[in-house]
Novice: 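Below is a structure I'd like to ask you about.
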Amino acid sequence: MTLLLFNTLTGQVEPLVPIDGQTLRMYACGPTVYDYGHIGNFRTFLQVDVLRRFLKLTGVPLRHVMNITDVDDKIIRNAAVAGIPIGEYTPRYVNAFFEDMEALRIERPEQIARATDHIDRMVELIQKLEAAGAAYKTEDGSWYFRLSSFPAYGKLSKKDLSGMEDGARVDVDEYEKDSARDFALWKAAKPGETAWDTAIGRGRPGWHIECSAMSMEYLGDSFDLHAGGEDLMFPHHENEIAQSESVTHKPLARHWMHVRFLLVDGRKMSKSEGNFYTLRDLLLKGYKASAIRLALISVPYRHQLNFTFDGLAEATNAIERLRTFHERLRTTTFAEGTNPAMQAAAAKAQGEYMEALANDLNTAEARAPIFELLRASNTAIDQGQFFAGDRDAVLRVLASFDAVFDVIADRDAEATKHALAWAEAEGRMADVAPELLARQALSDEEIEALVAQRTQAKKQRNFARADQIRNELAEKGVVLEDSKDGVRWKRK
RNA sequence: GGCGCGGUACCCAAGUGGUAAGGGAGAGGUCUGCAAAACCUUUAUGCGCCGGUUCGAUCCCGGCCCGCGCCUCCA
């Protein structure tokens, strides 16, 4: 099955297939590690995760490179404020980022590349650009890209810069540039700032050059897909194209994917609006990592997603239903055999599910057949028309679902535990929701003991006592389910 | 100002030129000691508004209204 993916470059939905007929090579812009990741960052990374997981599900081998920008103005500024070198400042945020990826079940790309590990590659690239007449050095020792040397500039974002060349706006700090639109490849060192001594002078890289240098290093001159948030389309990706293609004279990437921004309560998320959330903020409020994942991927990547707490609650409940169903399949004993109707329903769901994802990663549409199969299965089970062979077939469909969505398998407790440990270490326990703390109050053993007591009380038909225990557990976030096979409990 | 996106039931949301997936929530019911879970029924003659094309439009075209994003560091 071939993925049809919208290509920003052509404005069309096109098949995404490896140009070399084997491995799909992709580059996706990663984080700038100056702070903790927010849900907007993660929406993009999650949607790219959906892409890579679907490709893997369809049997496409991947080589996915993600950069980590560990040197830039904000990092330098923040490190200076903290009074430490950037090499000491960034690791905590790099580690936090990886921990957040793990919490959200975002798969690790095959290759992670840090900017500061590739300074020499960037310098080489700038030298090549100079040789090609596309780069020049200014008096202060900075290097700029000569936009006039690259007529195709703007082809990705569909911008016509012809009328803007003679910028009426003159930036006094950049008076040395040939043209106001020329962008920095290399910034000359300012006193006290982080800098590298290199063949092109002492300084630090501009933002865009790292992606050109590192994609070339790990994926070659030309690769299959380049992805990132919509804001990166211009100027970042446009600049990457200019830098890379001026040297290679080959298309940097054949396919470009851009994930739209999310809104929070109908507005762009920003600190000043007071609608800014990191993943950690939400975990401490008691929301499950899986619910955050589902909420952020359920609206297809090309649409704005309006993030709300209602939406998070909805995702929480939807996951609960999936997990309850999965548990029912796993723990119920079914008679041998199959129900042809169920076999057909499972095959249909699987087909519709895959087709929806193959259609430009339509995650919203992909959910529908899964829930339809869930209901059909529950009905069949209730009526005794569901057999061991059906269970296996339905479990296989759920496995396909989770191969991409990854929300049924429950690792929420670990993510929450890590978040709480972090809050403790950072002195942020005041931000932890009381309900979350209440939920941590009982150990599994204590819950088991109370459940046993309640079962005993029920046997003695002491329902008052049994209900008392149930209420007590409910206050601690533990929900009970009585069934023929005994009592199941779960944490909310 | 330039570029682009969206307005579908209480909320989220998919979708197609032929009469509206799915999720959440609510209501009623079955089951249960009571719950929970599960299932059944129910909640848009309607898809922002007005025209047009068509045998037929939510889906195509035009206009209008409203909301949002990008154009600057930003996922």
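Every chain is numbered from 1 and lettered A, B, ... according to where its sequence line falls, protein lines coming before strand lines.
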Novice: Does A:N317 have a side-chain nitrogen or oxygen under 4.0 Å from the phosphate oxygens OP1 or OP2 of B:rA25?
Specialist: yes
Novice: Is the positively charged end of A:R302 above the ring of A:F6, judged by distance under 6.0 angstrom from the centroid and angle within 45° of the axis?
Specialist: yes
Novice: Just how far, in rounded Å, is C1' of B:rC74 from CG of A:D73?
Specialist: 13 Å
Novice: Take A:D281 and A:T278, measure what side-chain hydrogen bond (donor to acceptor under 3.5 Å, both in side chains) needs, and give me the verdict at the end.
Specialist: CA-CA 5 Å; A:D281 291 335; A:T278 64; 3.2 Å; yes
Novice: Using the ring centroid of each side chain, check whether A:Y277 and A:Y287 are separated by less than 6.0 Å.
Specialist: no
Novice: Round to the nearest Å and state the distance from A:I469 atom CD1 to B:rC34 atom P.
Specialist: 19 Å
Novice: Grab the NZ-P distance between A:K484 and B:rA37 for me, whole Å please.
Specialist: 15 Å
Novice: Tabulate protein N/O versus nucleotide N/O from nucleotides 26-31 of chain B, keeping only pairs under 3.5 Å, one per line.
Specialist:
none

Novice: If I take atom CG in residue A:L294 and atom P in nucleotide B:rG23, what distance separates them, rounded to the nearest angstrom?
Specialist: 13 Å
Novice: Classify A:R454 by what it touches in the nucleic acid, base, sugar-phosphate, or nothing, heavy-atom distance under 4.0 Å.
Specialist: base
Novice: Take atom P in B:rG62 and the same atom in B:rG69, then report the distance between them in whole Å.
Specialist: 25 Å
Novice: Has the side chain of A:R43 got a donor or acceptor atom sitting under 3.5 Å from an opposite partner on the base of B:rA75?
Specialist: no
Novice: Heavy atoms only, 4.0 Å cut-off, all strands: where does A:V479 land among base, sugar-phosphate and nothing?
Specialist: sugar-phosphate
Novice: Is any side-chain nitrogen or oxygen of A:R375 closer than 4.0 Å to OP1 or OP2 of B:rG22?
Specialist: yes
Novice: Check every atom of B:rG4, B:rA75, B:rG22 against the side chain of A:A368 and return the nucleotide holding the closest atom.
Specialist: B:rG22
Novice: Taking any heavy-atom pair under 4.0 Å as a contact, classify A:F371: base, sugar-phosphate, or nothing.
Specialist: sugar-phosphate
Novice: Please state whether the phosphate of B:rA37, meaning OP1 or OP2, lies under 4.0 angstrom from any side-chain nitrogen or oxygen of A:R328.
Specialist: no
Novice: Would you say the side-chain atoms of A:D402 pair up with the backbone N or O of A:V407, donor to acceptor, closer than 3.5 Å?
Specialist: yes
Novice: Should A:R302 be listed as having a side-chain N or O under 4.0 Å from OP1 or OP2 of B:rG69?
Specialist: no
Novice: Write down the distance separating the P atoms in B:rU43 and B:rC5, rounded off to the nearest Å.
Specialist: 36 Å
Novice: For the P atoms, the ones on B:rC65 and on B:rC49, what distance do you get once it is rounded to whole angstrom?
Specialist: 15 Å
Novice: To the nearest Å, how far apart are A:R323 CZ and B:rA37 P?
Specialist: 16 Å
Novice: Are the ring centres of A:Y218 and A:H118 closer than 6.0 Å?
Specialist: yes
Novice: Taking B:rG26 as the reference, what is the distance to B:rC64 when you measure between their P atoms (whole Å, please)?
Specialist: 43 Å
Novice: What are the two closest heavy atoms between A:I75 and A:T69, and how far apart are they?
Specialist: CD1-O, 3.5 Å
Novice: What is the nucleic acid contact for A:G37, judged by heavy atoms within less than 4.0 Å: base, sugar-phosphate only, or nothing?
Specialist: nothing
Novice: Among B:rC74, B:rG23, B:rC39, which nucleotide sits nearest the side chain of A:D382?
Specialist: B:rC39
Novice: Please find out if less than 6.0 Å separates the ring center of A:F371 from that of A:F325.
Specialist: no
Novice: Suppose you measure atom C1' in B:rU72 against the same atom in B:rG63; what distance do you get, rounded to whole Å?
Specialist: 34 Å
Novice: From OH of A:Y353 over to C1' of B:rA21, roughly how many Å is that when rounded to an integer?
Specialist: 17 Å
Novice: Give one of base, sugar-phosphate or nothing for A:E372, where a contact means two heavy atoms less than 4.0 Å apart.
Specialist: sugar-phosphate
Novice: Are any of A:N378's side-chain N or O atoms less than 4.0 Å away from OP1 or OP2 of B:rA38?
Specialist: no
Novice: Say we look at B:rG23 and B:rU42: how far apart would their P atoms be, to the nearest angstrom?
Specialist: 14 Å
Novice: Whether A:R321 contacts B:rG24 is assessed here as follows: a side-chain N or O lying under 4.0 Å from the phosphate OP1 or OP2. Is that the case?
Specialist: yes
Novice: Taking the six-membered ring for Trp, are A:Y144 and A:F183 ring centroids under 6.0 Å apart?
Specialist: no
Novice: Using only heavy-atom distances, decide whether a donor-acceptor pair under 3.5 angstrom links the side-chain of A:K268 to the base of B:rC74.
Specialist: yes
Novice: Does A:E230 reach a base, just sugar-phosphate, or nothing at all? Heavy atoms under 4.0 Å.
Specialist: sugar-phosphate
Novice: Which helical stems does RNA chain B take part in, if a stem means at least 3 consecutive Watson-Crick or G-U pairs with both distances below 3.5 Å?
Specialist: B:1-7 with B:65-71, B:10-12 with B:22-24, B:25-30 with B:38-43, B:48-52 with B:60-64
Novice: Distances for protein N/O vs nucleotides 8-15 of chain B N/O pairs under 3.5 angstrom?
Specialist:
residue	atom	partner	partner atom	Å
B:rA14	O3'	A:N362	ND2	2.8
B:rG15	OP1	A:N362	ND2	2.8

Novice: Under 4.0 Å, counting only non-hydrogen atoms across every strand here, what does A:I381 touch: a base, just sugar-phosphate, or nothing?
Specialist: nothing
Novice: Between B:rA37 and B:rA75, how many Å separate the two C1' atoms, rounded to a whole number?
Specialist: 39 Å
Novice: Rounded to the nearest 0.5 Å, what separates atom CZ in A:R465 from atom CD in A:Q460?
Specialist: 10.5 Å
